[in-house]
Amino acid sequence: MNDDFGIRKKPADRDSTLEKVDRVAEKLGFASREGRKRRNAVGPTMPVNVKLPEDTYNAFLKFCDDNELTYRKGIEKLLIKAGYIEE
Amino acid sequence: MKQVIAFAASKGGAGKSSTCQIVAEVLSHHGQVVTILDGDPNEPQVRWRTGTSKLPITVIGDITENNVVKHINAVDEGYVLIDLEGVASRLVARAIAKADLVVIPFQASTLDAAEAGKTINLITEEEEIVERKIPFKVMLSRTSPVIKTRLETDLAAQLERNGLPLMRNQLNERAAFKSVFAYKTSLYELDPEKVNGIPKAIENAEAVTKEIVS
Ligand SMILES: Nc1ncnc2c1ncn2[C@@H]1O[C@H](COP(=O)(O)OP(=O)(O)OP(=O)(O)O)[C@@H](O)[C@H]1O
Ligand SMILES: [Mg+2]
(Lines give C-alpha, C1' and ligand atoms only; values in the text may rest on other atoms or scores of the structure.)
(Ligands and ions follow the chains in the order given, each with its own letter.)
Protein backbone atom coordinates (compact mmCIF):
# COMPACT_ATOMS: atom_id res chain seq x y z
CA MET A 1 0.00 0.00 0.00
CA ASN A 2 1.40 3.29 -0.95
CA ASP A 3 -1.19 5.72 0.30
CA ASP A 4 -0.14 8.69 2.33
CA PHE A 5 -3.49 9.96 3.51
CA GLY A 6 -3.96 9.47 7.21
CA ILE A 7 -7.52 9.27 8.40
CA ARG A 8 -8.75 12.75 9.08
CA LYS A 9 -11.44 13.20 11.69
CA LYS A 10 -12.70 16.53 10.44
CA PRO A 11 -13.16 17.82 6.92
CA ALA A 12 -9.88 18.59 5.24
CA ASP A 13 -9.43 22.21 4.39
CA ARG A 14 -8.34 22.00 0.80
CA ASP A 15 -4.79 23.24 0.49
CA SER A 16 -5.21 25.71 -2.30
CA THR A 17 -1.70 27.15 -1.86
CA LEU A 18 -0.20 23.77 -2.62
CA GLU A 19 -2.43 23.44 -5.66
CA LYS A 20 -1.17 26.77 -6.94
CA VAL A 21 2.40 25.69 -6.31
CA ASP A 22 1.77 22.51 -8.28
CA ARG A 23 0.30 24.47 -11.17
CA VAL A 24 3.21 26.91 -11.42
CA ALA A 25 5.68 24.06 -11.01
CA GLU A 26 4.11 22.14 -13.84
CA LYS A 27 4.32 25.17 -16.09
CA LEU A 28 8.05 25.38 -15.37
CA GLY A 29 8.62 21.70 -16.05
CA PHE A 30 8.45 20.46 -12.44
CA ALA A 31 5.65 17.96 -12.93
CA SER A 32 4.21 15.15 -10.87
CA ARG A 33 6.05 11.88 -11.10
CA GLU A 34 3.53 9.75 -9.25
CA GLY A 35 1.87 7.69 -11.94
CA ARG A 36 -1.92 7.62 -11.62
CA LYS A 37 -1.87 4.09 -12.98
CA ARG A 38 0.23 2.80 -10.13
CA ARG A 39 -2.06 4.39 -7.55
CA ASN A 40 -5.12 2.57 -8.80
CA ALA A 41 -3.56 -0.71 -9.78
CA VAL A 42 -5.21 -3.19 -7.46
CA GLY A 43 -4.97 -6.56 -9.14
CA PRO A 44 -7.98 -8.88 -9.19
CA THR A 45 -11.18 -7.44 -7.73
CA MET A 46 -14.44 -8.83 -6.33
CA PRO A 47 -17.68 -6.88 -6.13
CA VAL A 48 -19.52 -6.36 -2.87
CA ASN A 49 -23.09 -5.17 -2.73
CA VAL A 50 -24.53 -4.38 0.69
CA LYS A 51 -27.68 -2.88 2.10
CA LEU A 52 -26.81 -0.65 5.02
CA PRO A 53 -28.94 1.09 7.62
CA GLU A 54 -29.32 4.69 6.51
CA ASP A 55 -27.20 6.02 9.40
CA THR A 56 -24.34 3.70 8.60
CA TYR A 57 -24.64 4.49 4.92
CA ASN A 58 -24.52 8.24 5.54
CA ALA A 59 -21.63 7.94 7.98
CA PHE A 60 -19.64 5.89 5.49
CA LEU A 61 -20.22 8.39 2.70
CA LYS A 62 -19.22 11.25 4.95
CA PHE A 63 -16.09 9.41 6.03
CA CYS A 64 -15.07 8.90 2.40
CA ASP A 65 -15.94 12.47 1.55
CA ASP A 66 -14.04 14.01 4.44
CA ASN A 67 -10.97 11.93 3.71
CA GLU A 68 -11.24 12.31 -0.05
CA LEU A 69 -11.40 8.57 -0.51
CA THR A 70 -13.20 6.45 -3.05
CA TYR A 71 -15.52 3.84 -1.47
CA ARG A 72 -12.97 1.16 -2.23
CA LYS A 73 -10.20 3.16 -0.56
CA GLY A 74 -12.56 3.97 2.31
CA ILE A 75 -13.21 0.33 3.10
CA GLU A 76 -9.53 -0.44 2.72
CA LYS A 77 -8.65 2.40 5.12
CA LEU A 78 -11.06 1.17 7.78
CA LEU A 79 -9.72 -2.38 7.53
CA ILE A 80 -6.17 -1.11 7.88
CA LYS A 81 -7.25 0.91 10.89
CA ALA A 82 -8.86 -2.18 12.40
CA GLY A 83 -5.71 -4.18 11.80
CA TYR A 84 -7.24 -6.63 9.33
CA ILE A 85 -4.97 -5.73 6.44
CA GLU A 86 -1.49 -4.32 6.42
CA GLU A 87 -0.66 -0.90 5.09
CA MET B 1 13.23 26.86 16.65
CA LYS B 2 12.62 24.98 13.43
CA GLN B 3 14.51 25.63 10.24
CA VAL B 4 13.72 23.89 6.96
CA ILE B 5 16.51 23.75 4.40
CA ALA B 6 15.98 22.17 0.98
CA PHE B 7 18.87 21.03 -1.18
CA ALA B 8 17.75 21.41 -4.75
CA ALA B 9 19.23 21.31 -8.24
CA SER B 10 17.55 19.53 -11.07
CA LYS B 11 20.96 18.55 -12.42
CA GLY B 12 21.97 15.07 -11.30
CA GLY B 13 25.24 14.78 -9.44
CA ALA B 14 25.44 18.44 -8.49
CA GLY B 15 26.30 17.56 -4.91
CA LYS B 16 22.92 17.83 -3.17
CA SER B 17 23.17 14.60 -1.18
CA SER B 18 26.79 15.20 -0.22
CA THR B 19 26.20 18.77 0.89
CA CYS B 20 23.06 17.78 2.79
CA GLN B 21 24.87 15.00 4.62
CA ILE B 22 27.90 17.12 5.46
CA VAL B 23 25.78 20.00 6.77
CA ALA B 24 23.75 17.54 8.86
CA GLU B 25 26.91 16.13 10.40
CA VAL B 26 28.33 19.53 11.31
CA LEU B 27 25.05 20.75 12.83
CA SER B 28 24.52 17.54 14.76
CA HIS B 29 28.13 17.47 15.97
CA HIS B 30 27.57 20.95 17.36
CA GLY B 31 24.53 19.85 19.31
CA GLN B 32 21.73 20.81 16.96
CA VAL B 33 18.70 18.59 16.46
CA VAL B 34 18.78 17.39 12.85
CA THR B 35 16.27 15.49 10.74
CA ILE B 36 17.03 14.54 7.14
CA LEU B 37 14.16 13.85 4.77
CA ASP B 38 15.66 11.64 2.08
CA GLY B 39 13.92 12.47 -1.18
CA ASP B 40 16.70 11.08 -3.34
CA PRO B 41 15.37 7.89 -5.00
CA ASN B 42 18.69 6.20 -4.27
CA GLU B 43 18.19 6.94 -0.58
CA PRO B 44 21.84 7.69 0.21
CA GLN B 45 20.90 9.17 3.59
CA VAL B 46 18.86 6.14 4.62
CA ARG B 47 21.77 3.90 3.71
CA TRP B 48 24.17 6.16 5.61
CA ARG B 49 22.01 5.81 8.73
CA THR B 50 22.43 2.03 8.66
CA GLY B 51 26.09 2.63 9.53
CA THR B 52 27.79 3.17 12.85
CA SER B 53 27.78 6.94 13.29
CA LYS B 54 26.87 7.99 16.82
CA LEU B 55 25.56 11.35 15.66
CA PRO B 56 21.87 11.49 16.59
CA ILE B 57 20.69 12.47 13.10
CA THR B 58 17.19 11.23 12.30
CA VAL B 59 16.76 10.08 8.71
CA ILE B 60 13.34 9.58 7.17
CA GLY B 61 13.17 7.77 3.84
CA ASP B 62 10.47 7.20 1.24
CA ILE B 63 9.86 10.90 0.80
CA THR B 64 7.44 11.54 -2.08
CA GLU B 65 5.43 14.46 -3.40
CA ASN B 66 2.45 13.11 -1.47
CA ASN B 67 4.05 12.97 1.95
CA VAL B 68 6.81 15.58 1.95
CA VAL B 69 4.65 18.35 3.40
CA LYS B 70 3.30 16.04 6.10
CA HIS B 71 6.83 15.00 7.08
CA ILE B 72 8.08 18.58 7.20
CA ASN B 73 5.13 19.60 9.37
CA ALA B 74 5.62 16.63 11.67
CA VAL B 75 9.01 17.83 12.91
CA ASP B 76 8.68 20.43 15.62
CA GLU B 77 12.23 21.26 16.48
CA GLY B 78 15.67 21.75 14.98
CA TYR B 79 16.91 21.58 11.43
CA VAL B 80 14.97 19.75 8.74
CA LEU B 81 17.25 19.07 5.80
CA ILE B 82 15.62 17.84 2.61
CA ASP B 83 17.79 15.94 0.16
CA LEU B 84 15.93 16.26 -3.13
CA GLU B 85 16.08 14.21 -6.30
CA GLY B 86 18.10 15.40 -9.27
CA VAL B 87 15.12 16.02 -11.53
CA ALA B 88 12.55 18.74 -11.93
CA SER B 89 9.50 17.39 -10.12
CA ARG B 90 6.48 18.25 -8.04
CA LEU B 91 8.33 16.91 -5.00
CA VAL B 92 10.98 19.61 -5.47
CA ALA B 93 8.36 22.33 -5.89
CA ARG B 94 6.46 21.30 -2.77
CA ALA B 95 9.60 21.08 -0.65
CA ILE B 96 10.60 24.56 -1.80
CA ALA B 97 7.16 25.90 -0.85
CA LYS B 98 7.82 24.79 2.73
CA ALA B 99 11.49 25.77 2.93
CA ASP B 100 13.01 28.57 4.96
CA LEU B 101 16.07 28.33 2.76
CA VAL B 102 16.99 26.56 -0.48
CA VAL B 103 20.59 25.60 -1.10
CA ILE B 104 21.46 25.08 -4.76
CA PRO B 105 24.78 23.32 -5.21
CA PHE B 106 26.29 23.18 -8.66
CA GLN B 107 29.52 22.23 -10.31
CA ALA B 108 31.36 24.84 -12.28
CA SER B 109 30.10 24.06 -15.75
CA THR B 110 27.87 26.27 -17.84
CA LEU B 111 25.28 23.52 -18.18
CA ASP B 112 24.93 23.25 -14.44
CA ALA B 113 24.47 26.99 -14.25
CA ALA B 114 21.51 26.79 -16.62
CA GLU B 115 19.91 24.11 -14.44
CA ALA B 116 20.46 26.26 -11.35
CA GLY B 117 18.61 29.03 -13.20
CA LYS B 118 15.63 26.72 -13.65
CA THR B 119 15.41 26.10 -9.92
CA ILE B 120 15.78 29.81 -9.16
CA ASN B 121 12.91 30.62 -11.55
CA LEU B 122 10.72 28.17 -9.71
CA ILE B 123 11.63 29.70 -6.35
CA THR B 124 10.81 33.19 -7.62
CA GLU B 125 7.40 32.11 -8.89
CA GLU B 126 6.62 30.23 -5.69
CA GLU B 127 7.42 33.30 -3.61
CA GLU B 128 4.42 35.02 -5.11
CA ILE B 129 2.11 32.16 -4.26
CA VAL B 130 3.25 31.65 -0.68
CA GLU B 131 3.51 35.42 -0.22
CA ARG B 132 6.87 35.40 1.50
CA LYS B 133 10.51 35.45 0.53
CA ILE B 134 12.10 32.05 -0.02
CA PRO B 135 15.79 32.78 0.46
CA PHE B 136 18.20 30.68 -1.56
CA LYS B 137 21.95 30.30 -1.71
CA VAL B 138 23.88 29.10 -4.73
CA MET B 139 27.01 27.15 -3.90
CA LEU B 140 29.78 25.88 -6.13
CA SER B 141 30.55 22.26 -5.30
CA ARG B 142 33.40 19.89 -5.92
CA THR B 143 35.84 22.71 -6.53
CA SER B 144 39.55 22.34 -6.07
CA PRO B 145 40.70 23.66 -2.69
CA VAL B 146 43.82 25.08 -4.33
CA ILE B 147 43.12 26.16 -7.89
CA LYS B 148 40.34 28.39 -9.03
CA THR B 149 39.43 27.61 -12.63
CA ARG B 150 38.74 30.22 -15.24
CA LEU B 151 35.21 28.93 -15.67
CA GLU B 152 34.62 29.26 -11.94
CA THR B 153 35.68 32.88 -11.97
CA ASP B 154 33.53 33.61 -15.03
CA LEU B 155 30.46 31.92 -13.59
CA ALA B 156 30.86 33.75 -10.30
CA ALA B 157 31.08 37.08 -12.12
CA GLN B 158 28.05 36.22 -14.23
CA LEU B 159 25.95 35.33 -11.19
CA GLU B 160 27.12 38.48 -9.44
CA ARG B 161 25.96 40.60 -12.36
CA ASN B 162 22.54 38.97 -12.18
CA GLY B 163 22.28 39.82 -8.52
CA LEU B 164 22.39 36.18 -7.44
CA PRO B 165 23.88 35.34 -4.07
CA LEU B 166 26.76 32.96 -4.76
CA MET B 167 28.13 31.62 -1.48
CA ARG B 168 31.62 32.66 -0.49
CA ASN B 169 32.43 29.14 0.67
CA GLN B 170 32.32 26.10 -1.60
CA LEU B 171 32.26 22.43 -0.81
CA ASN B 172 35.62 21.35 -2.16
CA GLU B 173 36.32 18.04 -3.86
CA ARG B 174 37.67 15.93 -1.01
CA ALA B 175 38.05 12.22 -0.37
CA ALA B 176 36.56 12.65 3.11
CA PHE B 177 33.24 13.82 1.65
CA LYS B 178 32.95 10.62 -0.37
CA SER B 179 34.19 8.50 2.51
CA VAL B 180 31.36 9.42 4.87
CA PHE B 181 28.98 7.60 2.53
CA ALA B 182 31.40 4.76 1.76
CA TYR B 183 32.06 4.05 5.45
CA LYS B 184 28.59 5.18 6.58
CA THR B 185 30.00 7.35 9.29
CA SER B 186 30.64 11.05 9.93
CA LEU B 187 33.56 13.35 9.19
CA TYR B 188 34.21 13.41 12.93
CA GLU B 189 34.34 9.63 13.21
CA LEU B 190 36.34 8.75 10.07
CA ASP B 191 39.51 6.74 10.58
CA PRO B 192 42.55 8.94 9.78
CA GLU B 193 44.43 5.75 8.91
CA LYS B 194 42.05 5.17 6.03
CA VAL B 195 41.15 8.68 4.87
CA ASN B 196 43.41 11.60 4.12
CA GLY B 197 42.82 15.24 4.92
CA ILE B 198 40.08 14.90 7.53
CA PRO B 199 40.91 18.10 9.46
CA LYS B 200 40.89 20.17 6.26
CA ALA B 201 37.60 18.61 5.23
CA ILE B 202 36.05 19.39 8.61
CA GLU B 203 37.27 22.97 8.37
CA ASN B 204 35.70 23.29 4.91
CA ALA B 205 32.46 21.61 6.01
CA GLU B 206 32.12 23.88 9.03
CA ALA B 207 32.72 27.03 6.99
CA VAL B 208 30.10 25.96 4.44
CA THR B 209 27.59 25.05 7.14
CA LYS B 210 28.15 28.29 9.01
CA GLU B 211 27.50 30.29 5.87
CA ILE B 212 24.36 28.28 5.07
CA VAL B 213 22.74 28.67 8.48
CA SER B 214 23.84 32.26 9.11
N1 LIG C 1 32.61 17.74 -2.34
C2 LIG C 1 32.75 16.53 -2.87
N3 LIG C 1 33.94 15.86 -2.77
C4 LIG C 1 34.07 14.64 -3.31
N5 LIG C 1 33.11 13.99 -3.97
C6 LIG C 1 31.92 14.58 -4.09
C7 LIG C 1 31.67 15.87 -3.55
N8 LIG C 1 30.39 16.23 -3.85
C9 LIG C 1 29.87 15.20 -4.52
N10 LIG C 1 30.78 14.20 -4.69
C11 LIG C 1 30.58 12.93 -5.41
O12 LIG C 1 29.89 13.22 -6.62
C13 LIG C 1 28.84 12.29 -6.86
C14 LIG C 1 27.53 13.05 -6.94
O15 LIG C 1 27.32 13.73 -5.72
P16 LIG C 1 25.93 13.71 -4.95
O17 LIG C 1 25.38 12.34 -4.90
O18 LIG C 1 26.11 14.45 -3.69
O19 LIG C 1 25.07 14.60 -5.97
P20 LIG C 1 23.49 14.77 -6.06
O21 LIG C 1 23.25 16.14 -6.52
O22 LIG C 1 22.84 14.34 -4.81
O23 LIG C 1 23.13 13.75 -7.21
P24 LIG C 1 21.67 13.16 -7.61
O25 LIG C 1 21.02 14.23 -8.43
O26 LIG C 1 21.98 11.95 -8.41
O27 LIG C 1 20.93 12.88 -6.35
C28 LIG C 1 28.91 11.29 -5.73
O29 LIG C 1 29.63 10.19 -6.17
C30 LIG C 1 29.66 12.01 -4.63
O31 LIG C 1 30.39 11.14 -3.82
MG1 LIG D 1 21.38 12.95 -4.44
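By convention in this document, chain letters (A, B, ...) are assigned in the order of the sequence lines, proteins followed by strands, and residues within each chain are numbered from 1. Here the structure is a predicted model, which means the values were calculated and not measured.
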Go through the atoms of E85(B) and report whether side chain, backbone, both or neither lie under 4.5 Å from a heavy atom of chain A. side chain
With a 4.0 Å cut-off on N to O distance, would you call E127(B) and K133(B) a salt bridge? yes
Measure distances from K118(B) to the heavy atoms of chain A and classify the residue's part below 4.5 Å as side chain, backbone, both or neither. both
Assess whether side-chain hydrogen bond (donor to acceptor under 3.5 Å, both in side chains) is satisfied between T209(B) and E206(B), documenting all intermediate values. CA-CA 5 Å; T209(B) 305; E206(B) 297 196 336; over 6 Å; no
Can you tell which of E173(B), Q170(B), E152(B) makes a side-chain hydrogen bond (donor to acceptor under 3.5 Å, both in side chains) with T143(B)? Q170(B)
Specify which of A97(B), A88(B), A93(B) makes the most heavy-atom pairs with chain A at under 4.5 Å. A88(B)
Walk me through whether R90(B) and E26(A) qualify under salt bridge (charged side-chain N to carboxylate O under 4.0 Å, His left out). CA-CA 7 Å; R90(B) 180 175 285 181; E26(A) 194 141 344; 3.5 Å; yes
